[in-house]
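Take a look at the structure set out below.
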Amino acid sequence: MEKVLIRQLVKDMARYADREVEVQGWIRSNRDQKSFGFLAVNDGTHFNTIQVVYEKEVLSDFERVAKLRAGSAVTVRGRLVLTPKAKQPFEIKATEVILEGDSPEDYPIQPKRHTREFLREVAHLRARTNLFNAVFRVRSLLGYAVHTFFQERGFVNVHAPIITANDAEGAGEMFRVTTLDAKNPPLTGGGAVDFGQDFFGRRANLTVSGQLEAEAFALAFRKVYTFGPTFRAENSNTARHAAEFWMIEPEIAFADLWDNMRLAEEMMKYLINYILANAPEEMAFFDEFVEKGVRDKLAKIAGSKFAHITYTGAVELLKESGEKFEYPVEWGKDLQTEHERYLTEKVFDKPVFVTDYPKEIKAFYMRLNDDGKTVAAMDLLVPGVGEIIGGSQREERMEVLVQRMREFHIDPRDLWWYLDLRKYGGVKHAGFGLGFERAIMYITGVSNIRDVIPFPRTVNYCEF
RNA sequence: UCCUCGAUAGCUCAACGGUAGAGCAACCGGCUGUUAACCGGUAGGUUGCAGGUUCGAAUCCUGCUCGGGGAGCCA
């Protein structure tokens with residue numbers, strides 16, 4: 001008797017035909033009749049379940065098997081039979097069904113449709129559903145694809161620090177990391193909390209971005225990327241924001257904004273093609289039950305050229321569109337979500353890079369353009385999700401960078417090491433950040449970020 | 001944080017001022033190939049919490065808590 005995984009059976013069913021096999025998994029459903037019944041068993045190795053046929057005249061404990069409930073863990077032994085005429089390609093004629101772990105009748109995952117909201121409340125069990133099984137397998141595959149893409153192109157993976165003392169970056173509200181007694185912190189003479197007595201001897205936070213550290217390594221390895229957790233303590237309550245998420249941040253030296261965009265486009269297409277090729281069952285499921293036509297959408301994008309438009313061009317285009325927007329379009333103001341959606345969904349109907357934003361609405365480290373008014377920034381907008389990538393060419397000129405920091409009220413002494421990168425062998429360089437979860441959302445069609453993170457952390461929510 | 005909608009059986013919903021119901025799940029039974037199985041039956045409720053109006057509140061009003069959608073911030 002050979003112990004087999006459903007994935008093996010799917011890949012090589014002919015080899016197992018009419019052989020005795022043993023599978024182990026969890027019952028999704030049990031349909032019993034007078035003298036026979038059917039179990040749908042999922043063993044976690046494949047999206048599909050395997051159908052187990054059990055018969056009264058074969059099993060001495062038929063009545064007991066007929067009562068097994070959804071959620072129970074079982075070992076099944078029997079003969080693998082090919083069933084070319086049936087809905088499923090093969091099934092097991094059971095000779096033995098052993099209950100490994102019972103599941104009482106209050107098991108929350110019923111063989112019926114559940115809302116995503118309900119399943120979030122049972123996040124420890126939701127991976128056993130079709131939807132979340134598919135989502136989290138795609139998440140795993142996508143992470144692998146990210147590493148493969150960069151490693152194959154000679155990028156070095158940098159583990160940027162998760163705890164940081166860079167509080168000058170301004171990418172968002174930060175979570176403080178401390179070992180001080182919250183009730184009774186040490187105070188300075190002036191009555192303020194004395195962080196000098198904290199664990200690190202100074203204020204420390206969870207990272208909001210590994211970019212600054214990635215820049216340091218890009219100026220040593222030329223091509224690097226980070227891929228790790230990121231934390232934002234923003235009070236944002238949307239389907240696209242979480243307090244803990246993962247970000248991919250490549251950084252390339254001797255490169256400008258156009259090199260940066262070429263890399264971003266190549267990466268997005270690689271990731272899409274990888275998932276289409278390696279998660280066919282999952283993508284078929286998303287296509288049918290989550291977002292109709294998602295596979296065609298992705299295939300089309302992987303084969304198309306991404307659009308490009310400057311911020312100034314986008315503002316003109318939006319103004320001349322005749323479209324009524326809730327918020328007016330005005331040069332110097334950031335594009336609203338409705339503007340971005342109009343551009344990527346109505347005007348271009350595909351991913352679009354928007355470049356060269358006014359310097360006032362972008363970060364201090366973005367390279368100042370020759371017009372003195374805009375910076376070499378780029379956002380990649382995609383239909384349905386909105387901004388999925390944000391990046392820029394970095395300011396490599398010491399004087400300009402220091403001036404920009406002053407404009408943003410950042411003390412250059414706080415980022416002395418970042419300035420050193422310009423002082424010693426600084427070169428033009430560029431990079432971007434891809435929200436890992438937003439990429440998953442875009443590829444699967446799942447519209448809430450809480451449903452693509454195993455155990456999501458959001459404002460007022462840290463269960464599990 | 002703002003706008004908006006909502007919270008009723010385990011789940012999804014109905015009842016909209018007058019005895020709280022259905023489908024699915026569960027449980028019991030039927031059915032010789034089911035696959036969202038089907039058919040019959042049983043059980044299941046402090047209507048989110050706290051107040052108020054009323055002869056009478058799931059229903060109307062106020063506050064709170066939690067959730068969905070949208071916005072801001074961003075990835």
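Every chain is numbered from 1 and lettered A, B, ... according to where its sequence line falls, protein lines coming before strand lines.
- Phosphate contact (OP1/OP2 of C31(B), side-chain N/O of Lys56(A), threshold under 4.0 Å): absent.
- Nucleotide C38(B): paired with G30(B) (Watson-Crick or G-U wobble, both distances less than 3.5 Å).
- Side-chain atoms of Glu105(A) and base atoms of G10(B) include no donor and acceptor less than 3.5 Å apart.
- Distance alone, capped at 3.5 Å, is enough to place a donor-acceptor pair between the Lys350(A) side chain and the Lys305(A) backbone.
- Across all strands, Gln51(A) comes closer than 4.0 Å to base atoms (heavy-atom distances).
- Across the strands present, C73(B) finds no partner; the criterion is a Watson-Crick or G-U wobble pair with both atom distances under 3.5 angstrom.
- The phosphate of G72(B) (OP1 or OP2) has a side-chain N or O of Thr337(A) nearer than 4.0 angstrom.
- Note on Arg232(A): every side-chain N or O is 4.0 Å or more away from OP1 and OP2 of C74(B).
- Closest to the side chain of Phe38(A), out of U1(B), G69(B), G33(B), is G33(B).
- Using a 30° and 60° split on the angle between ring planes, Tyr274(A) and Tyr144(A) fall in the tilted class, from 30° to 60°.
- The aromatic rings of Tyr225(A) and Phe150(A) lie parallel to each other, their planes meeting at an angle below 30°, with 60° marking the opposite boundary.
- At whole-Å resolution of the value, NE2 in His114(A) and P in G10(B) are 14 Å apart.
- The distance from atom CG of Leu335(A) to atom C1' of C73(B) is 15 Å, rounded to the nearest whole Å.
- The interatomic distance linking Asn130(A) (CG) with U35(B) (P) rounds to 16 Å, in whole Å.
- Nucleotide G6(B) forms a pair with C66(B), judged by Watson-Crick or G-U wobble geometry with both contacts under 3.5 Å.
- The interatomic distance linking Gln88(A) (CD) with A37(B) (C1') rounds to 13 Å, in whole Å.
- Under the Watson-Crick or G-U wobble criterion, with both distances below 3.5 Å, U12(B) is paired with A22(B).
- Between U35(B) and Arg28(A), no contact under 4.0 Å exists linking OP1 or OP2 to a side-chain N or O.
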